[in-house]
Amino acid sequence: EEKSDFHTSPLDWKENRVAQVKGIPSLMEGFQHVHSKAVSVDEIPARFESNLSPNKSYYFKKQVKTGPEGRFSDVVVYSYHEKATAHKIVFNSVYKFEDIRWISEKLIFARVWWKSLHSGGDYIFDVETGAFIYQQAISDGWELRNQKR
């Protein structure tokens, strides 16, 4: 049986709401679908719109690849940080890529939903170091509420 990490039981919620959770194995599975690597700046597709950082020295570009049946997709994010290499971040098997934005001059926040709108992850990526500095599973409580009913 999976243990809930919610402050109140999802059974008591009147509607779905997003909560950050930990320790629930089925919700942590999404992290295996995310990876990043250094790539040549020449690999960054020119045709994608750039999203400039607040200090306008860095940018990221997003590319969505639709999968079979148009439902699931892969999302590729390229981040540039004024070096000879860039970072390619790949989110595989995405159901919905809800949000991506700069939260500081060098940090990108992304919210991704995996295979359903009921489990996902929040990510913070540092474009200067090329590393995720934060990863947290999220859920709207739907699965936990329906398992108990």
Side-chain angles (χ1 to χ4, degrees), residues 2-8 10 13 15-145:
E2 294 187 23
K3 185 181 143 202
S4 172
D5 191 42
F6 296 102
H7 293 286
T8 59
W13 297 355
E15 59 186 21
N16 291 348
R17 59 180 168 178
V18 175
Q20 294 180 330
V21 295
K22 60 184 175 188
I24 301 176
S26 65
L27 296 179
M28 304 304 282
E29 291 172 6
F31 293 131
Q32 68 187 350
H33 298 291
V34 180
H35 59 276
S36 68
K37 68 177 184 174
V39 297
S40 166
V41 172
D42 297 334
E43 277 191 46
I44 300 175
R47 67 183 181 278
F48 302 125
E49 181 181 334
S50 295
N51 294 280
L52 290 172
S53 62
N55 64 5
K56 303 196 181 354
S57 58
Y58 306 150
Y59 67 82
F60 69 82
K61 295 183 177 199
K62 177 180 77 169
Q63 174 187 26
V64 177
K65 296 179 181 178
T66 304
E69 302 173 19
R71 288 188 59 211
F72 302 104
S73 61
D74 295 338
V75 178
V76 179
V77 176
Y78 295 91
S79 68
Y80 172 72
H81 61 296
E82 300 182 318
K83 303 285 184 201
T85 58
H87 299 288
K88 180 179 181 179
I89 309 163
V90 180
F91 299 88
N92 295 117
S93 301
V94 172
Y95 183 80
K96 181 180 180 186
F97 201 80
E98 183 175 309
D99 188 13
I100 184 166
R101 59 187 152 87
W102 291 99
I103 58 172
S104 77
E105 286 68 27
K106 68 175 199 155
L107 300 177
I108 299 170
F109 169 81
R111 174 166 282 178
V112 180
W113 293 98
W114 306 111
K115 298 187 180 182
S116 76
L117 287 176
H118 307 300
S119 64
D122 284 342
Y123 300 87
I124 298 177
F125 186 79
D126 183 325
V127 299
E128 290 180 353
T129 64
F132 287 100
I133 62 168
Y134 179 83
Q135 297 181 52
Q136 179 69 56
I138 58 174
S139 173
D140 67 2
W142 184 88
E143 290 176 2
L144 292 171
R145 283 200 328 269

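Not measured: the values here are computed from a predicted model. Position 1 is the first residue of the sequence; numbering continues from there.
From Tyr95, atom OH reaches atom CH2 of Trp113 across 11.5 Å, with rounding to the nearest 0.5 Å. Taken from CG in Asp126 to OG in Ser104, the straight-line distance is 7.5 Å, to the nearest 0.5 Å. We find the CD-CD1 distance between Gln136 and Ile124 to be 10.5 Å, quoted to the nearest 0.5 Å. Between the CZ atom of Arg111 and the CD1 atom of Ile138 there is a distance of 4.0 Å, given to the nearest 0.5 Å. Atoms CG and CD1, on Asn51 and Ile100 in that order, are 7.5 Å from each other to the nearest 0.5 Å.
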Extract all donor-acceptor atom pairs below 3.5 Å that involve side chains of residues 82-89 and protein atoms in other chains or at least two apart in sequence.
{"from": "His87", "atom 1": "NE2", "to": "Val127", "atom 2": "O", "distance (Å)": "3.4"}

Full working for side-chain contact (heavy atoms from CB on, under 4.5 Å) between Phe125 and Val34: CA-CA 12 Å; Phe125 186 79; Val34 180; over 6 Å; no
Worked check of side-chain contact (heavy atoms from CB on, under 4.5 Å) between Val112 and Val75: CA-CA 10 Å; Val112 180; Val75 178; over 6 Å; no
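A donor-acceptor pair under 3.5 Å links the side-chain atoms of Asp74 to the main chain of Ser93, judged by distance alone.
Residues His81 and Tyr58 come closest through the heavy atom pair CA-CD2, 3.4 Å. Nearest heavy-atom pair, Asn55 versus Ser57, reported as atom, atom and distance to 0.1 Å: OD1-OG, 2.7 Å.
Of the candidates Phe91, Tyr134, Phe109, Phe97, Phe91 is the only one forming a ring-ring contact (aromatic ring centres under 6.0 Å, His included) with Tyr123.
Classified by interplanar angle (parallel below 30°, tilted 30° to 60°, perpendicular above 60°), the ring pair Phe60/Trp102 is tilted.
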